[in-house]
Amino acid sequence: MSLVVQKYGGTSMGSIERIRNVARRVARSYDAGNDMVVVVSAMSGETNKLVALANEISDFPDSREYDVLVASGEQVSMSLLAICLKSMGYKAKSYNGWQVPILTDSAFSKARIAQIPDTNMRADLKEGTIIVVAGFQGVDAAGNITTLGRGGSDTSAVALAAALKADVCEIYTDVDGVYTTDPNICDSARKVEKVSYDEMLELASLGAKVLQIRSVEFAKKYNVNIHVRSSFNDNPGTMVTKEDKEMESILVSGIAYDKNETKIAVMRVPDTPGIAAKILSPLADANISVDMIVQNVSEAGLTDFTFTVTKADFKKALAVTREIATEVAAEDLVTDENISKISIVGLGMRSHAGVATKMFQTLAKEGINIQMISTSEIKISVIVDAKYTELAVRVLHEAFGLAGGE
Ligand code: ADP
Ligand code: ASP
Ligand code: MG
C-alpha cells in the first residue's frame, strides 16, 4: 500500500463537472489500494475575485484580514470535493490549513511552512478516510490564518508529501507536464520527461508558473519527486527530480518569460563609490526586492543606474526612488512598465561557451533590442520590450533546437 499525495489546481477544480472528474480520479487511486491525501486549489478565477474585492475596499488592505479573505476560496473547493466523494460512498474528510495544522510563520500572504504535525491525518488515514486539504492555507503560532503566496497550493502538496513521507506526489494541472516553454504561447513546445530541481527552480523563478518556486525548493530539500501531469488525461507527465548525467548533456532545457517586471532608471547620477548602495538600500528597507541591475559606464563622472522590480512593487518603488533621486542629485528618472524578461535555462550551459552569443544573435536577427542582461551558471535572462515576448520565446525555442525529438 502506498501513500499518495495528489494536488489539483484551479482549472482542474473549475466547475462542478470538473470536481466530479477529480473525485473519480481520486477514487480510482484509492480503489487501487492507496492511502490518499488530496490538496486542492480554489476554483479558477476565485482567488483573483477575492483579491479584487479587497483592493476595492482599500488600496492597502490589512494583511491579516487579506489572508482570511483569500484563503476562503480553497475552503469552498475542498468541501465540494469531500461532499462529492462522500456522495459516491467513500469516507472523506476536508481539512482547512489550521485543522491539519500546517504551521507557518506570520508573514501574511507569503508565509513559510515551519512544520506539519501528522497525528490527525495519520489517524484518519488509518481508518481508510480520504483526506482533502485546502491548499495555499496555513496557520501561525498565534492561530492566525496565513497564505503561502500565489500558486501556493503546489507548496502545500509538496510539504505534505515530505511531512507524511509519501511515496508519490502528483501535481495535476491543465497541461500534461513541464514543457520546453509555455505550451500556451508556443505551438512547438515539447513535454520533457524529466527535469532537475535546479532547472525547475530557475524556470519557476523566471516565470514558468506551472510550479510555485517554493514547492520546488521544498522538493529539493526533502528529496520529494514531483510528478506534474494533467487532470484531463492519463498521459505520463514530467518528473521533477535529482539531476542525472543525461540531463547535464542538454544545453538548454527550457525557455521562460515573465511580464511581471517593470524598469526604473535613475539617470545621470554622480558615479561615486557607494552610489549603488545609496540607491538600493532604501528599497530594501521598504521590503522591495530588486531583480536585475545595470550600471552604465560613466561619462564625465555621471552614470545611469537601472533596475527592475515587480509590477506589484512598482508604485512603492517609484515613490522611494524619487526621494533618493533628489538626494543624489540625479538629472532624471525614467520608467518603463512594458518590459518582459526572457530566459533560457539548462544544466549544459555550465560547460558550454557561446550560448549567450547564440541567444543575442537570435534576438538581433529579429530586430529585438536587449535592454538588460543577467546570467547565472545555468541561465541567461534578458529584458526586452514586452511586445516581443511571444516572438522572442518562439525564435529562441527554435534556435536552441527545443522543438526537435528528445
Ligand atoms: P494550476 O491552476 O493547475 O496550478 P497554473 O496556471 O498555476 O495551474 O500553471 C499551469 C500553467 O503554467 C499552464 O497552463 C501554462 O500556461 C503555464 N506554463 C508556463 N510555463 C510552462 C512550462 N514550461 N511548462 C508547462 N506549463 C507552463
Ligand atoms: N488559489 C491560490 C492562487 O490562485 C493558490 C493556488 O492556486 O495554488 O494563487
Ligand atoms: Mg498553479
Side-chain angles (χ1 to χ4, degrees), residues 2-10 13 19 22-23 26 29-30 34-42 47 64 67-86 90-172 212 214-215 217-219 221-222 224 226:
S2 295
L3 200 164
V4 176
V5 172
Q6 294 186 336
K7 176 255 171 175
Y8 292 90
M13 295 290 291
I19 290 175
V22 167
V26 171
S29 192
Y30 179 86
N34 297 311
D35 280 341
M36 298 298 299
V37 175
V38 185
V39 177
V40 294
S41 291
T47 310
R64 179 188 185 275
D67 274 18
V68 175
L69 175 71
V70 298
S72 66
E74 270 69 12
Q75 181 166 343
V76 172
S77 54
M78 72 165 189
S79 48
L80 288 173
L81 179 59
I83 289 170
C84 190
L85 284 163
K86 283 178 167 167
Y90 290 87
K91 271 202 228 172
K93 182 172 165 186
S94 66
Y95 279 77
N96 276 300
W98 62 268
Q99 292 172 306
V100 174
I102 296 183
L103 302 173
T104 70
D105 62 18
S106 304
F108 295 114
S109 85
K110 46 178 180 286
R112 281 186 181 273
I113 297 174
Q115 212 196 329
I116 306 183
D118 64 0
T119 324
N120 298 343
M121 288 184 291
R122 292 270 180 220
D124 281 329
L125 287 172
K126 209 166 162 200
E127 294 190 349
T129 301
I130 298 172
I131 294 178
V132 183
V133 181
F136 189 46
Q137 302 183 352
V139 61
D140 74 2
N144 297 303
I145 290 173
T146 58
T147 61
L148 309 178
R150 296 306 305 268
S153 298
D154 297 331
T155 304
S156 311
V158 176
L160 280 163
L164 292 164
K165 299 190 179 55
D167 300 281
V168 186
C169 179
E170 296 173 327
I171 304 282
Y172 286 92
Q212 196 202 32
R214 282 194 186 160
S215 70
E217 285 169 359
F218 237 100
K221 187 163 169 196
Y222 294 101
V224 177
I226 307 178

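What you are looking at is a predicted structure, and each value in this text was computed from that prediction instead of being measured. We number each residue from 1, following the sequence as shown.
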If you round to the nearest 0.5 Å, how far is NZ of Lys126 from CZ of Arg122?
11.0 Å

Any heavy-atom pair between the side chains of [Y] and [X] that's under 4.5 Å?
X      : Y      : result
Val37  : Val4   : no
Ile131 : Tyr95  : yes
Ile83  : Lys86  : no
Thr47  : Phe136 : yes
Gln99  : Asn120 : no
Phe218 : Val224 : no
Leu81  : Val38  : yes
Thr104 : Val139 : no

What's the verdict on side-chain contact (heavy atoms from CB on, under 4.5 Å) for Gln6 and Met36, showing C-alpha distance, side-chain angles and the deciding distance?
CA-CA 8 Å; Gln6 294 186 336; Met36 298 298 299; 3.5 Å; yes

Given 3.5 Å as the limit, does a donor-acceptor pair link the side chain of [X] with the main chain of [Y], or not?
X      : Y      : answer
Ser72  : Val68  : no
Thr129 : Leu125 : no
Arg214 : Lys110 : yes
Asp167 : Ser2   : no
Tyr30  : Gly128 : yes
Thr155 : Ser215 : yes

Looking only at heavy atoms, what is the nearest atom pair of [X] and [Y], with distance?
X      : Y      : answer
Leu85  : Ala92  : CB-CB, 3.8 Å
Ser29  : Asn34  : O-ND2, 3.1 Å
Cys169 : Ala161 : CB-CB, 3.8 Å
Ala219 : Ile226 : CB-CD1, 3.7 Å
Asp140 : Ser106 : OD2-OG, 2.9 Å
Leu148 : Gln212 : O-NE2, 3.2 Å

For Val133, which of Val100, Val5, Asn96, Ile116 qualifies under side chain to side chain contact (heavy atoms under 4.5 Å, CB included)?
Val100

Trace of the side-chain contact (heavy atoms from CB on, under 4.5 Å) decision for Phe108 with Asn144
CA-CA 9 Å; Phe108 295 114; Asn144 297 303; 3.9 Å; yes

Might you work through the side chain to side chain donor-acceptor pair (under 3.5 Å) test for Glu74 and Gln137, ending with a clear yes or no?
CA-CA 8 Å; Glu74 270 69 12; Gln137 302 183 352; 5.4 Å; no

Donor + acceptor pair across side chains of Ser153, Ser41 (<3.5 Å):
yes

Please determine whether side chain to side chain donor-acceptor pair (under 3.5 Å) holds for the pair Asp67 and Thr147, giving the CA-CA distance in whole Å, both sets of side-chain angles, and the decisive distance to 0.1 Å.
CA-CA 6 Å; Asp67 274 18; Thr147 61; 3.1 Å; yes

Quick one: do Asp124 and Lys93 make a salt bridge, cutoff under 4.0 Å?
yes

Check the pair Leu164, Met121 against side-chain contact (heavy atoms from CB on, under 4.5 Å), reporting the backbone distance first and the verdict last.
CA-CA 9 Å; Leu164 292 164; Met121 288 184 291; 3.9 Å; yes

